[in-house]
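Working notes, structure below.
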Amino acid sequence: HYYITNNLSAPGVRWLVYLMIRRPRNVVILVLVLLAGFHLILFVSQNYRLTISTGDQQASPKWEDNLSFPTFTAHDDNEHTVQTLTEYEQEAVTRDKVSGTSPEDKEEEEEPSSDYHEHKFERPPDNTVEEVFGSDIIKDENSNYLIQKPYLKKGVNPYDGRPELLPRSEGINKYTAFGNPDKLYCDAEYCYANERKIKKEIIKETPEDMFTFLPPQKQFMKEFRNPCWKGKDLLGEDKLFCIPYFYIIGFTKCGTTDLFAILKNHTHVSSRSGKETHYFDRLRRGRIIRMNRKPTRLPVSFLSWTNGGKFRQNLLSTYRKDNDSDVLFHGITMDATPSAVWDNEFWEVFHPGYREPPVTNPDVIATINPDTRIILSLRNPISRMQSAYQFFCAFRVYACDKPVTPEKFHNLVGEAVEMFRDCRKTNTDRGCVYNTESHQLATHLYASIYSVYVADWLKVFPREQIHVMMFEEHISDEIASINGVCDFLGISRFPVDYMKTYLEQHKVRNSLRDSARIPYILPETKNLLKDFFKPFLDDLVEMLGDKKWYWKLYE
């Protein structure tokens, strides 16, 4: 009030009058910006913390905030909302009371999905919450438990290629130095920290606290199904740190957004944040979220990443004590970054002189937790390229000559294929696929060479820990596809009625305008790509043991 009355009284009024008369468009923009800021403040204030009533012990437990997971909204003008599973169950009980029927009177589902209703979660005892979650839990003035967000110091130092440390400060540093093998016990090829054998090349391109802070795998807490551990922040306070139980790693434009949206509605599954955190493919290397950006800063601290996000409050809501298990919190967390499977761009900055990357994202994730589960979605490589080209051009990720046409797409495909063939004259297939220069074309050719990437993940993870989906099968029968994912993760299947309602309200729609799409692919383009992809699809079929991965391109 003081600032407005003393600084904006007369000049401010004159400025606003001038805008309204001479610049009405600017007024509209200003109003929209203010409204957006207001809604953002409301969203943050409502989602900042979770409270649990700890008053009268005789009273029934009261969960003051809605613990249900967020719902996914379709990208169209007629937005729909869908019930969370908790709301679905409550409504089913209400319907039974009104109709006078009981669950025992109902016919059993043919699909084995009714087991979901047997997994009822309880309110955790206060002493268990305090013991397991440490100082992440505090009490407010009303004796309610609050799960705090960590304080992050966002000091940014420019990346200059030299390991350097930020000064110690209060809170958790968001940025830290790159690792230095000289600080660890190492031999010629490996370094050793906390009972882990780590390739030296991994150390050089990751935050220095990734492996010095990460405890041995056997020290993950038995109270959680998800890999979590107790650790101390920079102030020496006990905090809860967790890494994802599973990753949705790709590929781009293969239905990963749809899969993420469905799974985050499961009461056992929690997302660390929104889709595409980009920690392992970009932030850990000092890159920003956007594509095609060189490392320009220090990497995001592993300590801050494992303590950030909403996963703690979601895990807190999955408490159930079973007599035959030490697990108390049954929730699992996911990370869905579809570029994690292919984006190792600018690896040459960290490993000069190599013809191909000595380490990639799967090496890092497997070193952190070899028991991690991986979900991978593959699509007809030609249609995936078409979809990616349309998307990246529409959102200006790459420089494109608009409007997009079949002829322009054909010319770019020819250029990408020729560039790859030139690369192969002096390099390996793997070196050319990971070559950062080849990643700068909007055709996204390199990301359809599935066999090279899948081989790298299969080198460090056993086949039974990687669930490979076919995009075309997923969209033709989503319920069967999601059931397969749930079985793979060891969680109960969604109720059939719930899935039918969800899918009806969230039909997949392409958000691109017709003018941003290629109406068809030229026959010569398709023939060129079929010939190019044939040897790579041969390798993929051999690795996965099924000829369906030819997508009937050669029949």
Side-chain angles (χ1 to χ4, degrees), residues 50 52 54 57 61 63 67 69 85-86 112 115-138 145 147-148 194-196 211 213-233 237-247 263-264 266-272 302-303 305-335 365-374 461-462 464-465 467 485-493:
L50 164 70
I52 306 173
T54 58
Q57 297 299 319
W63 296 78
L67 297 184
F69 295 102
L85 286 168
T86 302
D115 65 336
Y116 177 86
H117 302 281
E118 299 173 6
H119 296 293
K120 300 296 185 181
F121 296 133
E122 308 161 1
R123 181 184 184 278
D126 297 341
N127 60 338
T128 300
V129 173
E130 294 177 350
E131 179 182 349
V132 172
F133 286 83
S135 57
D136 278 333
I137 299 290
I138 62 172
Y145 279 119
I147 292 185
Q148 299 189 107
N194 291 330
E195 302 181 16
R196 283 183 173 80
F211 296 106
F213 172 68
L214 183 70
Q217 187 180 2
K218 65 183 181 183
Q219 291 184 14
F220 290 159
M221 298 174 67
K222 63 181 181 180
E223 292 87 352
F224 290 91
R225 184 185 176 195
N226 194 84
C228 298
W229 69 94
K230 270 290 191 50
K232 294 186 181 296
D233 66 5
E237 295 182 343
D238 286 334
K239 297 282 186 177
L240 181 68
F241 300 87
C242 297
I243 54 179
Y245 180 86
F246 71 97
Y247 296 81
L263 287 178
K264 75 176 184 180
H266 199 294
T267 54
H268 288 74
V269 179
S270 166
S271 170
R272 304 183 62 83
F302 185 72
L303 184 147
W305 184 72
T306 53
N307 188 242
K310 299 180 180 179
F311 68 90
R312 290 165 300 161
Q313 64 198 52
N314 293 335
L315 290 177
L316 180 59
S317 67
T318 63
Y319 175 85
R320 187 183 70 251
K321 185 173 178 60
D322 297 330
N323 294 329
D324 57 348
S325 173
D326 292 329
V327 176
L328 299 177
F329 298 91
H330 298 263
I332 56 177
T333 66
M334 66 174 168
D335 183 284
I365 294 174
T367 303
I368 290 174
N369 182 18
D371 295 332
T372 299
R373 291 182 175 266
I374 304 297
F461 289 108
E464 59 269 20
Q465 285 178 224
H467 180 72
V485 171
C486 291
D487 293 346
F488 170 71
L489 295 175
I491 58 178
S492 54
R493 296 181 177 184

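What's counted below: heavy atoms across the whole structure, side chains too, no hydrogens, waters or symmetry copies.
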*State the CG-CZ distance between Leu315 and Phe224, to the nearest 0.5 angstrom.*
6.0 Å

_Heavy-atom pair with the smallest gap, counting every atom of Arg225 and Gly331_ = CB-O, 4.3 Å

*Whether His268 side chain and Ser492 backbone form a donor-acceptor pair below 3.5 Å*: no

*How far does CZ of Phe213 sit from CH2 of Trp229, to the nearest 0.5 angstrom?*
5.5 Å

*State, with a plain yes or no, whether a side-chain heavy atom of Met221 is found less than 4.5 Å away from one of Lys230.*
yes

_If I compare all heavy atoms of Thr333 with all of Pro244, which pair ends up nearest, and what's the gap?_
OG1-CA, 3.2 Å

*asked:* Ring centroids only, cut at 6.0 angstrom: are Tyr247 and Phe461 within range, meaning strictly under it?
replied: no

*asked:* Go through it in stages, so that I can follow the logic: the residues are Phe302 and Ile243, the test is side chain to side chain contact (heavy atoms under 4.5 Å, CB included), and I'd like the CA-CA distance, side-chain angles, deciding distance and then a yes or no.
replied: CA-CA 10 Å; Phe302 185 72; Ile243 54 179; 3.9 Å; yes

*If we only count heavy atoms from C-beta on, is the Asp371 to Pro227 side-chain gap below 4.5 Å?*
no

*Would you say Pro215 and Phe241 make side-chain contact, with heavy atoms under 4.5 Å?*
no

_Check: Leu328 main-chain N/O paired with Asp322 side-chain donor or acceptor under 3.5 Å_ = no

*Apply side-chain hydrogen bond (donor to acceptor under 3.5 Å, both in side chains) to Asn194 and list each qualifying residue two or more places apart in sequence or on a separate chain.*
none

*How far does CD1 of Ile332 sit from CD1 of Ile491, to the nearest 0.5 angstrom?*
5.0 Å

*Are the ring centres of Phe488 and Phe246 closer than 6.0 Å?*
no

*Residue pair Leu214, Arg196: steps toward the side chain to side chain contact (heavy atoms under 4.5 Å, CB included) verdict*: CA-CA 10 Å; Leu214 183 70; Arg196 283 183 173 80; 3.4 Å; yes

_Taking Thr372's backbone N and O only, do any of them form a donor-acceptor pair with Gln465's side chain (distance below 3.5 Å, no angle check)?_
yes

*Apply the side chain to side chain contact (heavy atoms under 4.5 Å, CB included) test between Glu223 and each candidate in Thr128, Val327, Val132, Asp326; give the one that qualifies.*
Val132

*Looking at Lys218, Gln219, Gln217, which hits side chain to side chain donor-acceptor pair (under 3.5 Å) with Glu195?*
Lys218

*For the pair His330 and Phe121, name the ring-plane relationship: parallel under 30°, tilted 30 to 60°, perpendicular over 60°.*
parallel

*asked:* Rounded at 0.5 Å granularity, tell me how far CZ in Phe211 sits from OG1 in Thr367.
replied: 5.0 Å

*OG/Ser270 to OH/Tyr245 distance, rounded to the nearest 0.5 angstrom?*
14.5 Å

*To the nearest 0.5 Å, tell me how far Asn314 CG sits from Lys264 NZ.*
11.0 Å

